[in-house]
Student: 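Provided herewith is a single structure, encoded as structure tokens, for subsequent inquiry.
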Amino acid sequence: MLKASARLAAAVVPRVSASMVVTAPIAGATESTAYNYRVLMVRRAEGGSFESALVFPGGVEEADDYRDAARWQMDAHKVCAVRETFEETGLLLTSASDLNKQREIQSQAEALPSFSDLCTQNYIRPLDSQSIGRWITPRAKQSRFDTRFFMLNIGDTDKFLLDQLDSGRIQLSELVAMDWLRPDEVLRANAQSQTALFPPQFYILTQLARFKRWQDLVRYSPSMSPIEPLLCPRSDGKV
């Protein structure tokens, strides 16, 4: 018979999930501006996964993601990342529909049963995104995720997306806030113990901070090997 600890370790299978890193240009930024883009960050609610931490939008994959991926001929992980971003923030990372219908489409989210139906009824589909990593929660944790991370960079001519930046709304059951922040702002707040960052967010933001212009983000090409951090106890008792 397995020991209790062994049974627990065997039972904790990571839940497959996806997360989206969205960047957008800063209006009026000049060559002397430290960074000419911001990153979409959301703060998790207390009592849930990643409690009170700043993270990128994302969540667990659903059966509909795989069905939609087949009809759209897309990676199901990417579909999940776009769907979760919309559900959590209202940001619709899809092909451009009639710009005059944009707010009408967003308002339909409350009435339509699924993101899939929203896309089908408005003849839109998720935009493609760049794979930038895969992180797996350490084995010692009881709540584990196998998360694919993607990045979508909004350009200065993407009117359908730019027009949405000031009209977001958060999913109150999971989030308490959302904001567009420069990579260095988030890292500085973390260094000053003003906000918590988990390893994937810290690593990705540190990598993005190397690029001061959104036009250069296309050069970001990280390793796609899965990363599973090890938990190491410190002398002060913290991990």
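All residue numbers refer to positions in the sequence shown, counting from 1. Since the structure is predicted, the reported quantities are computational estimates derived from the model, not experimental observations.
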Student: Tell me every residue that passes ring-ring contact (aromatic ring centres under 6.0 Å, His included) with Phe211, counting only those two or more places apart in sequence or in another chain.
Tutor: none
Student: Please identify each residue that fulfils salt bridge (charged side-chain N to carboxylate O under 4.0 Å, His left out) with Asp179, with sequence neighbours left out.
Tutor: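 Asp179 satisfies salt bridge (charged side-chain N to carboxylate O under 4.0 Å, His left out) with no other residue.
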Student: Name all residues meeting the side-chain hydrogen bond (donor to acceptor under 3.5 Å, both in side chains) criterion together with Asp68; count only those two or more places apart in sequence or in a different chain, and write none if there are none.
Tutor: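 With sequence neighbours excluded, Asp68 shows a side-chain hydrogen bond (donor to acceptor under 3.5 Å, both in side chains) to Arg71, Ser116, given in chain and number order.
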Student: Is a donor on one side and an acceptor on the other found under 3.5 Å between the side chain of Thr89 and the backbone of Phe86?
Tutor: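 Side chain of Thr89 to backbone of Phe86, a donor-acceptor pair under 3.5 Å: no, none is there.
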Student: Leu127: what forms a side-chain contact (heavy atoms from CB on, under 4.5 Å) with it, not counting sequence neighbours?
Tutor: Leu152, Leu161
Student: For Glu87, enumerate each residue passing the salt bridge (charged side-chain N to carboxylate O under 4.0 Å, His left out) test, keeping only those at least two apart in sequence or located in another chain.
Tutor: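 With sequence neighbours excluded, Glu87 shows a salt bridge (charged side-chain N to carboxylate O under 4.0 Å, His left out) to Arg83, given in chain and number order.
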Student: According to salt bridge (charged side-chain N to carboxylate O under 4.0 Å, His left out), who are the partners of Glu84, at least two apart in sequence or on a separate chain?
Tutor: none
Student: Are any of the side-chain nitrogens in Glu228 or Arg144 under 4.0 Å away from the carboxylate oxygens of its partner?
Tutor: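 Between Arg144 and Glu228 there is a salt bridge, with a charged N closer than 4.0 Å to a carboxylate O.
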Student: Could you tell me which residues satisfy side-chain contact (heavy atoms from CB on, under 4.5 Å) with Arg134, sequence neighbours excluded, listed by chain and number?
Tutor: Ile136, Asp146, Arg148, Pro226
Student: So how far is it from Glu62 CD to Ser17 OG, rounded to the nearest 0.5 Å?
Tutor: 12.0 Å
Student: Please examine the side chains of Val60 and Arg15, heavy atoms only from C-beta on, and report whether any two atoms are closer than 4.5 Å.
Tutor: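 Yes. Closest side-chain heavy atoms under 4.5 Å.
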Student: Linking Ile, Leu, Val, Met, Phe, Trp and Tyr by side-chain heavy atoms under 4.5 Å, what else ends up with Tyr66?
Tutor: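 Grouped by the 4.5 Å side-chain rule, Val16 form the rest of the cluster around Tyr66.
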Student: With Gln192, which residues qualify under side-chain contact (heavy atoms from CB on, under 4.5 Å), at least two apart?
Tutor: Arg188, Gln194
Student: Calculate, to the nearest 0.5 Å, the distance between atoms CZ and CD1 belonging to Phe198 and Ile204 respectively.
Tutor: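 One finds 14.0 Å between CZ of Phe198 and CD1 of Ile204.
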Student: Please enumerate all residues that pass side-chain hydrogen bond (donor to acceptor under 3.5 Å, both in side chains) together with Arg213, with sequence neighbours excluded.
Tutor: none
Student: Which residue pairs satisfy the salt bridge (charged side-chain N to carboxylate O under 4.0 Å, His left out) criterion with at least one member in residues 122-132, sequence neighbours excluded?
Tutor: Lys78-Asp128
Student: Considering residues at least two apart in sequence or located in another chain, which fulfil the side-chain contact (heavy atoms from CB on, under 4.5 Å) criterion with Tyr203?
Tutor: Trp135, Gln207, Tyr220
Student: Kindly give the heavy-atom pair with the smallest separation between Leu40 and Leu91, and that separation in Å.
Tutor: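 The answer is CD2-CD2, 4.0 Å.
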